[in-house]
Amino acid sequence: MIVPISFDSIDDENPYIARSNDARGVGDWIATSFVTNGKPITVRQRVLSRDGAMSVTEVAITDGARTQTFRLRSETTRSGEHPLDVTKVENGIEHATTMAVYEAALQKTVPNVERNDGTIDVEPVTLDVGGRKIDAVRTTYKVVASGKAATMSVVHSDAFAWGDLGGDIVTDTGKTLYSTKVVDMGGATRAV
């Protein structure tokens with residue numbers, strides 16, 4: 001006697017099965033501001049295409065007068081978004097590049113935290129981003145950043161498809177070493 005086996009329940013539990021739970025649609029965009037040691041960087045992301053769990057997002061990183069533009073192809077699974085490959089866009093033309101080049105361009109948006117000594121506060125907050133109210137949670141940590149004792153806050157909402165909404169790192173003496181926030185967002189009008 002042969003007993004049929006159902007793999008549906010296994011696939012439902014597998015975090016690596018490509019499955020789109022990404023709420024972002026074609027034309028959706030976001031602008032995020034980063035300030036590290038007084039130097040501003042803006043990152044603009046826009047969804048160019050979606051096909052099930054696969055998407056292509058254009059990422060423009062502006063650091064001073066220089067803007068680098070990339071097109072990132074990624075796949076969404078239950079465990080998160082996974083980059084597959086990237087190209088660099090110059091004068092409207094895509095050129096081959098590596099994930100290392102892309103990650104190096106984004107490196108200036110990442111804070112320098114040497115040690116996290118744990119959570120010191122968690123509080124609900126509501127942010128207004130592009131005229132849209134978003135309920136979120138601000139978690140504050142005691143950290144050492146750039147060799148200085150500091151607090152780091154991260155504002156996150158599971159309902160926000162783009163990731164964190166903002167945060168900062170402030171030394172115990174009150175100097176802001178790092179800050180980030182979503183400054184604007186929107187989407188293309190979708191035809192019915």
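- In terms of hydrophobic clustering, with Ile, Leu, Val, Met, Phe, Trp and Tyr side chains grouped at heavy-atom distances under 4.5 Å, Val183 and Val125 are assigned to different clusters.
- Listed by chain and number, the residues in a side-chain contact (heavy atoms from CB on, under 4.5 Å) with Ser179 are Val35, Asp168, Thr176 (sequence neighbours excluded).
- Under the 4.5 Å side-chain criterion, counting only non-hydrogen atoms from C-beta, Phe160 is not in contact with Leu127.
- When side chains are defined from C-beta on, Met54 counts as touching Leu84, because their heavy atoms get closer than 4.5 Å.
- Hydrophobic clustering, with ILVMFWY side chains joined whenever heavy atoms are under 4.5 angstrom apart, keeps Val154 apart from Val137.
- Remark: Glu58 pairs with Arg46, Arg71 by the salt bridge (Lys or Arg N to Asp or Glu O under 4.0 Å) rule, at least two apart or across chains.
- Residues Arg138 and Thr140 have side chains in contact (heavy-atom distance under 4.5 Å, counting atoms from C-beta outward).
- Contact between Ile61 and Ala105 at its shortest, heavy atoms only, is CD1-CB, 3.8 Å.
- Between Asp184 atom CG and Ser33 atom OG the span is 12.0 Å, to the nearest 0.5 Å.
- Residues meeting the salt bridge (Lys or Arg N to Asp or Glu O under 4.0 Å) test with Asp51, sequence neighbours left out: none.
- Note on Met99: it clusters hydrophobically with Val59, by side-chain heavy-atom contacts below 4.5 Å among ILVMFWY residues.
- Follow the hydrophobic side-chain contacts under 4.5 Å out from Leu177 and you never reach Val155; the two are in separate clusters.
- Applying the ring-ring contact (aromatic ring centres under 6.0 Å, His included) test to residues at least two apart or on different chains, none of the pairs has a partner in residues 117-157.
- Proximity of Leu165 to Ser157: side-chain heavy atoms (C-beta onward) are separated by under 4.5 Å at one or more points.
- For Thr62, the side-chain hydrogen bond (donor to acceptor under 3.5 Å, both in side chains) criterion is met by Thr67, not counting sequence neighbours.
- Within the structure, ring-ring contact (aromatic ring centres under 6.0 Å, His included) contacts touching residues 45-80 (residues at least two apart or in different chains) are Phe70-Tyr102.
- Annotation for Val56: hydrophobic cluster partners, listed by chain and number, are Leu48 (ILVMFWY side-chain heavy atoms under 4.5 Å, direct or chained).
- A donor-acceptor pair under 3.5 Å links the side-chain atoms of Glu114 to the main chain of Ser146, judged by distance alone.
- Side-chain contact between Thr32 and Trp162: absent, with no pair of heavy atoms (C-beta onward) separated by less than 4.5 Å.
- The distance from the OG1 atom of Thr57 to the CD1 atom of Ile30 is 11.0 Å, given to the nearest 0.5 Å.
- Atoms NZ and CG, on Lys148 and Asn112 in that order, are 10.0 Å from each other to the nearest 0.5 Å.
- Scanning all heavy atoms of the two residues, the minimum distance from Ile169 to Ala145 falls at CG2-CB, 3.8 Å.
- Residues satisfying the salt bridge (Lys or Arg N to Asp or Glu O under 4.0 Å) test with Arg66, not counting sequence neighbours, are none.
- Partners of Tyr178 according to the ring pair (Phe, Tyr, Trp, His ring centres under 6.0 Å) rule, which considers only residues two or more places apart in sequence or in another chain, do not exist here.
- The hydrophobic cluster containing Leu72 does not contain Val89, counting ILVMFWY residues as joined when their side-chain heavy atoms lie under 4.5 angstrom apart, directly or transitively.
- Glu90 meets the side-chain contact (heavy atoms from CB on, under 4.5 Å) test with Lys88, His95; sequence neighbours excluded.
- Between the CG atom in Asp164 and the NZ atom in Lys181 there is a gap of 15.5 Å [rounded to 0.5 Å].
- Rounded to the nearest 0.5 angstrom, Trp29 CH2 and Gln45 CD are separated by 12.0 Å.
- When atom types are taken as modelled, the side chain of Thr98 and the backbone of Val101 share a donor-acceptor pair closer than 3.5 angstrom.
- In this structure, the side-chain contact (heavy atoms from CB on, under 4.5 Å) partners of Thr109, at least two apart in sequence or on a different chain, are Phe34, Ile41, Val43, Leu106.
- Atom-to-atom distance recorded for Arg50:CZ and Asp28:CG is 9.0 Å, nearest 0.5 angstrom.
- The salt bridge (Lys or Arg N to Asp or Glu O under 4.0 Å) check on Asp63 picks up Lys108, with sequence neighbours excluded.
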